[in-house]
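All of these numbers come straight from a predicted model, not from anything done at the bench.
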Amino acid sequence: MAEVVILGAGLTGLSTAYHLEQYNCFDFKIFEQHDRPGGLLRSVSSDGFTFDHTGHLLHVNNDYFLRFLQTVTQLTEFNLITRQSNIFTHSTMLPYPFQMNLHGLPSTVIAECIEGYVSRTKSRKKPTTFHEWVLKHFGHGMGKHFFFPYNQKILSYDLKKVHPSWTGRFVPQTNLKAIIEGAITPQETKKVGYNSSFYYPKQGGIEFLIKKINAHVKTPVTLNHKVSHIDTQTKTVFFENGEQEKYNLLISTMPLNNLLKTTKFTSGKNYAQAEQKLLCNSVININLGLSQSNVGTGHWTYFPEREYPFYRLGYWHNICSSLVKANCSGVYGEVSYLKQKTSPRQLKELTHLTKQLMLKTLNVKSNDIMTEKILHLNHAYVIYDLWREKNLGRLLASLQTENLYSIGRYGQWKYSSMQEAVLDGKTMAEDILMLLKTKPTQIPEAPKRKQPETTRKQPSVSLNKSTI
């Protein structure tokens with residue numbers, strides 16, 4: 001029996017394990033349902049191409065996280081890349097973000113966007129939906145021509161039922177001067193938004209990072225152990241292979257709805273309603289290795305219009321040349337759906353349609369496909385609805401009374417970056433030591449190096465409330 005059991009060896013679980021060891025705490029075990037660590041941070045290889053489970057890019061704006069990367073790997077093993085992303089709408093390719101780059105759109109659309117921004121009701125009460133939030137900050141025109149159709153596609157959910165608390169750093173703000181300048185003349189690429197630059201491994205896809213972190217964790221990950229159910233009264237985790245493990249503290253990085261579904265609680269509380277109320281969509285990630293070179297422009301393109309089922313196309317060869325064969329291209333397309341409203345037949349049809357329209361949009365033929373990998377993300381984008389806003393913090397706090405801590409992107413049912421996943425693990429390790437009444441030793445840190453311009457401090461993650 002281990003004092004602490006960690007479920008899931010994705011980025012948050014491995015970070016928790018790594019930091020526990022850095023604090024000289026080794027009385028834990030970590031279990032992973034798959035045959036290797038990584039969670040969604042895994043890469044698959046096929047016929048000389050490498051594909052990630054969608055676009056996982058390293059955005060760094062925290063001093064500690066940068067030093068962490070320098071400890072587990074070398075930054076020379078990464079490329080630091082300036083984002084080049086576009087929006088294709090009204091038969092026009094625009095630079096991202098839409099709200100600063102209207103040049104090239106039909107004049108009626110530009111006028112509608114500017115007029116909507118100028119006439120928006122600034123005194124509108126605090127928005128309680130994303131739809132209201134867009135109207136307050138950007139106006140009806142920009143909502144109509146980009147924000148509403150694009151976010152409807154990416155979430156597959158009614159935007160009038162989505163809370164705006166997720167927006168934060170994810171949606172760049174603008175002003176009238178920037179809008180007018182971007183409408184009159186093409187703008188130079190600007191460092192706008194949290195993802196204006198990113199690190200990406202030179203070799204091996206994003207799983208390279210997981211392998212590096214795992215190599216720094218002395219405690220081996222127990223693989224191929226999928227949770228069957230959890231009994232908080234006996235403090236036992238049961239696995240589908242028949243094995244079981246007792247614990248005093250349980251740290252779960254499982255999706256929160258799955259955790260509630262598989263757990264029998266000592267308190268007798270019924271979390272069935274909460275499990276049903278936690279909403280997220282699913283994503284089909286279609287990856288194609290193509291014999292043509294230089295397919296697509298930039299790193300990725302957003303598609304807000306309904307005629308395209310995918311909300312984004314990405315170009316692996318432009319992110320990292322080692323991901324594809326010489327003189328070839330690697331592309332991915334993403335389409336979202338609600339699992340509970342999509343039958344297997346509809347899913348199959350949606351996949352086929354998306355693939356065919358990807359080829360048409362990219363002006364390539366089916367015989368140009370050298371390999372393909374279709375990856376399914378059952379948990380993709382968390383839906384920030386009103387129920388989540390009111391109840392998530394209390395739900396996570398209630399689980400803690402059962403000595404069960406749910407952390408990470410899907411454990412805390414939130415949007416988060418890879419940086420935040422590592423910081424979540426660090427914070428959890430520190431909380432574990434406090435719970436075990438163990439005085440932590442100082443984490444040895446790598447020497448400070450020159451920081452990128454985007455580096456800034458980020459607050460620690462709290463476990464007793466929703467973290468946006």
Side-chain angles (χ1 to χ4, degrees), residues 6 8-24 26 30 32 34 36-45 50-83 194-221 223 253 299 316 318-324 408-409 416-430 442-458 461:
I6 302 170
L11 191 52
T12 308
L14 284 179
S15 174
T16 304
Y18 169 87
H19 286 100
L20 282 174
E21 292 184 352
Q22 292 297 305
Y23 286 133
N24 202 32
F26 292 87
I30 180 168
E32 167 58 42
H34 295 113
R36 67 188 196 271
L40 288 181
L41 261 70
R42 287 178 294 150
S43 306
V44 295
S45 297
T50 299
F51 307 117
D52 295 340
H53 284 64
T54 77
H56 282 100
L57 311 172
L58 271 170
H59 309 296
V60 180
N61 61 5
N62 177 274
D63 293 340
Y64 175 76
F65 181 58
L66 185 64
R67 293 196 296 275
F68 170 83
L69 291 176
Q70 292 169 327
T71 300
V72 300
T73 184
Q74 297 293 322
L75 288 184
T76 54
E77 296 176 291
F78 292 79
N79 288 318
L80 178 56
I81 302 169
T82 299
R83 179 199 65 215
Y194 78 100
N195 62 353
S196 61
S197 63
F198 56 90
Y199 288 94
Y200 192 85
K202 293 180 178 179
Q203 299 287 335
I206 199 60
E207 193 170 338
F208 169 85
L209 176 61
I210 286 290
K211 290 177 179 178
K212 287 291 186 177
I213 298 173
N214 191 42
H216 280 75
V217 177
K218 297 177 183 177
T219 303
V221 177
L223 302 171
T253 66
H299 300 122
W316 293 120
N318 291 336
I319 293 174
C320 183
S321 60
S322 70
L323 298 177
V324 303
R409 176 169 179 149
S416 64
S417 64
M418 286 187 279
Q419 172 179 277
E420 189 174 348
V422 169
L423 297 179
D424 279 2
K426 178 178 183 290
T427 301
M428 186 71 253
E430 292 164 352
Q442 182 70 29
I443 293 184
E445 294 183 344
K448 288 188 177 181
R449 302 182 187 182
K450 186 176 180 180
Q451 310 293 314
E453 292 181 6
T454 54
T455 299
R456 60 179 177 82
K457 291 185 178 179
Q458 175 171 309
V461 177

[X] and [Y]: which non-hydrogen atoms are nearest, and at how many Å?
X	Y	value
A9	V221	CB-CG1, 3.7 Å
A421	T12	CB-OG1, 3.4 Å
H216	E21	O-OE1, 3.9 Å
V60	Q419	CA-OE1, 3.4 Å
A17	I30	CB-CD1, 4.3 Å
L41	I210	O-CG1, 3.5 Å

Counting C-beta onward and ignoring hydrogens, is there a side-chain heavy-atom pair between [X] and [Y] closer than 4.5 Å?
X	Y	value
L66	L75	yes
H53	V44	yes
S417	L57	no
L80	Y199	yes
E430	Y23	yes

Distance, nearest 0.5 Å, that separates [atom1] of [X] from [atom2] of [Y]:
X	Y	atom1	atom2	result
I213	Y18	CD1	OH	9.0 Å
T76	Q70	OG1	CD	10.0 Å
L58	S197	CG	OG	11.0 Å
H56	F198	NE2	CZ	13.5 Å
H299	T82	NE2	OG1	8.0 Å

Review point. Hey, mind stepping through L40 and L11 against side chain to side chain contact (heavy atoms under 4.5 Å, CB included) and telling me if it holds?
Key: CA-CA 9 Å; L40 288 181; L11 191 52; over 6 Å; no
**Study point:** For S321, side chain to side chain donor-acceptor pair (under 3.5 Å) partners two or more places apart
**Key:** none
Review point. Any donor and acceptor pair, going by atom type alone, linking the side chain of T71 with main-chain N or O of R67 inside 3.5 Å?
Key: yes
Check your understanding: Are the side chain of S43 and the backbone N or O of T50 linked by a donor-acceptor pair below 3.5 Å?
Key -> no
Point to revise | Stepwise side chain to side chain contact (heavy atoms under 4.5 Å, CB included) test for K202 and E77 | key: CA-CA 6 Å; K202 293 180 178 179; E77 296 176 291; 5.7 Å; no
Check your understanding: Should L20 and I6 be marked as a side chain to side chain contact (heavy atoms under 4.5 Å, CB included) after you check the CA-CA gap, both sets of side-chain angles, and the distance that decides it?
Key -> CA-CA 11 Å; L20 282 174; I6 302 170; 4.3 Å; yes
Check your understanding: Do we get K426 above Y64's six-membered ring, with its NZ or CZ under 6.0 Å from the centre and within 45° of the axis?
Key -> yes
Review point. What residues form a ring pair (Phe, Tyr, Trp, His ring centres under 6.0 Å) with F78, not counting sequence neighbours?
Key: F208
Practice item. Give the intermediate values and the outcome of ring-ring contact (aromatic ring centres under 6.0 Å, His included) for residues H19 and F68. Key: CA-CA 10 Å; H19 286 100; F68 170 83; 5.8 Å; yes
Exercise for review: Mind telling me whether Y200 and W316 have parallel, tilted or perpendicular rings, with 30° and 60° as the class edges?
Suggested key: tilted
Review point. Stepwise, does the side chain to side chain contact (heavy atoms under 4.5 Å, CB included) test hold for I206 with M418?
Key: CA-CA 11 Å; I206 199 60; M418 286 187 279; 3.9 Å; yes
